[in-house]
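Counting starts at 1 for both ligands and their atoms, following the listed order.
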Amino acid sequence: MRRVYMDHSATTPVRAEVAEEMYKYIIDNFGNPTSLHSFGRQVRNAVEEARENVAASIGAKTNEIVFTSGGTESDNMAIHGVAHANKNKGNHIITSAVEHHAVINTVKALGKEGFTITIIPVDKHGVVDPDDVANAITEKTILVTIMHANNEVGTIQPIQEISKITREHGVIFHTDAVQSFGKIPVNVDDLGVDLLTISGHKIYAPKGIGALYIRKGTRWKQSLFHGGSQERLRRAGTENVAGIVALGKACRLATDDLESEARHISQLRDRLIEEVTSNISYVNITGHPTRRIPGHASFCFQYIEGESMLLSLDMKGIAASSGSACTSGSLEPSHVLLSMGIPHEVAHGSIRLTLGRDNTEEDIDYFMEVMQPIVERLRAMSPLDQETEFQMNSECEACKVSSSCRA
Ligand SMILES: *Cc1c(COP(=O)(O)O)cnc(C)c1O
């Protein structure tokens with residue numbers, strides 16, 4: 001059976017060039033970078049070269065990069081580190097309603113510790129209004145954390161406009177750039193951010209490696225691990241050398257291939273969206289129509305459960321996801337879709353298709369061939385089926401909250 005992977009926002013395969021580079025640091029160059037002998041020194045050089053590659057790919061200086069175990073750790077480290085280092089200045093943290101759980105749950109944990117939290121709402125496309133951030137800032141605000149691009153709906157946030165505001169108020173600004181990095185230009189000075197998160201396994205490096213950018217001069221305190229003095233006292237523990245080398249390589253490849261890859265996956269994505277919306281009825285695109293990352297298509301199919309679609313697609317060899325990988329399996333629809341004002345029953349029919357460098361036109365053909373009968377079959381079985389020619393009226397308030405509204 002044909003197998004088609006359309007879930008690159010969940011994870012990507014490791015590129016062959018990246019795996020080859022890694023391999024050298026598993027078998028032959030196995031030294032501990034802290035060791036003073038030649039085995040150690042060799043590996044130390046590789047780690048520092050990887051740091052240069054990561055730094056260059058986001059316009060940072062090498063000593064502003066800390067290697068971590070991934071996006072989740074970087075987000076935790078950024079938020080905890082700023083919160084605890086700036087307690088004497090204030091206790092107020094601002095975030096958005098559509099963040100990844102690595103940010104939301106970290107901020108919530110700080111809320112339990114006594115920090116005050118403001119969650120900025122989003123519009124129907126999932127966009128944060130910078131004026132809302134400006135209005136939320138108080139004398140006590142120490143941190144704003146708002147993601148660059150959303151994992152579930154692909155929406156790109158106005159990070160530059162937000163950073164102008166945080167700068168004016170002298171507030172530290174962190175962004176989770178896990179989904180944008182490698183797909184659109186990410187430069188810490190252009191964006192104006194003080195901390196930035198990236199993750200290896202979303203850019204064709206392995207799982208379990210990531211980095212945190214911390215702008216020089218940012219008040220931040222190591223607070224997660226107690227241990228050795230690795231990473232200039234910012235992250236204790238023997239370095240994940242093979243992962244670090246892989247991340248460095250993946251960053252370089254991502255920068256080199258950025259334009260051609262973005263063009264390729266945007267073209268496929270545009271065709272996918274066009275075909276889905278013109279050949280299947282009762283489908284809405286979720287997220288922003290244009291301000292979205294390349295390769296990212298997300299929809300709500302009315303009168304169908306997202307999970308049923310996923311299972312049916314999986315039986316045909318197609319990998320997709322509904323909402324985010326972390327929320328699938330739970331019955332609650334995604335917090336991202338709900339915060340965009342999408343009614344519960346519509347949000348239940350969400351599906352995300354995220355394309356990568358190996359996807360082809362034939363993959364889109366195959367998806368359409370398989371998807372149309374799946375939708376027909378599931379809708380015929382659905383208790384929510386619209387046999388009575390029910391059509392959702394976008395002007396009707398009752399329709400927005402209940403699929404049984406017949407207005
Ligand atoms: C995947 C993801 C993370 C988590 O990264 P891990 O390396 O899997 O811990 C954080 N934020 C966003 C936006 C993501 O998509």
Side-chain donor-acceptor pair present, T116, K140, cut-off under 3.5 Å: no
Give me the residue, atom name and distance of the protein heavy atom closest to atom 10 (C) of ligand 1. D176 OD2, 3.4 Å
Could you tell me, atom by atom, which parts of ligand 1 come under 4.0 Å of a heavy atom of N151? 13 (C), 15 (O)
With side-chain contact (heavy atoms from CB on, under 4.5 Å) as the test, would you mind laying out the steps for I104 and H335 before giving the verdict? CA-CA 11 Å; I104 294 186; H335 66 283; 3.2 Å; yes
Step-by-step salt bridge (Lys or Arg N to Asp or Glu O under 4.0 Å) determination, D194 to R219: CA-CA 10 Å; D194 302 302; R219 275 180 78 176; over 6 Å; no
Looking at K221, E113, Q222, which one forms a side-chain contact (heavy atoms from CB on, under 4.5 Å) with H80? E113
Here the atoms of ligand 1 under 4.0 Å from any heavy atom belonging to T72 are 4 (C), 5 (O), 6 (P), 9 (O)
Regarding N284 and Q302, is there a side-chain donor-to-acceptor distance under 3.5 Å anywhere? yes
Contacting atoms of ligand 1, where contact means under 4.0 angstrom from a heavy atom of Q179: 13 (C), 14 (C), 15 (O)
Check ligand 1 against K202 and write out every atom of the ligand that is under 4.0 Å from a heavy-atom position of the residue. 1 (C), 2 (C), 3 (C), 14 (C), 15 (O)
Rounded to the nearest 0.5 Å, what separates atom OG1 in T197 from atom NE2 in H174? 3.0 Å
Would you mind listing which atoms of ligand 1 come within a distance below 4.0 Å of any non-hydrogen atom of H201? 6 (P), 7 (O), 8 (O)
Shortest heavy-atom approach to atom 12 (C) of ligand 1 - which of H100, M147, H148: H100
Logged contact type for E73 with ligand 1, heavy-atom cut-off 4.0 Å, is neither
Element-labelled atoms of ligand 1 that are located less than 4.0 Å from some non-hydrogen atom of G70: 7 (O)
If you apply the rule salt bridge (Lys or Arg N to Asp or Glu O under 4.0 Å), what do you find for R44 with E48, and how did you get there? CA-CA 6 Å; R44 164 62 49 206; E48 294 316 315; 2.8 Å; yes
To the nearest 0.1 Å, how far is atom 6 (P) of ligand 1 from its closest protein heavy atom, and which atom is that? G71 N, 3.4 Å
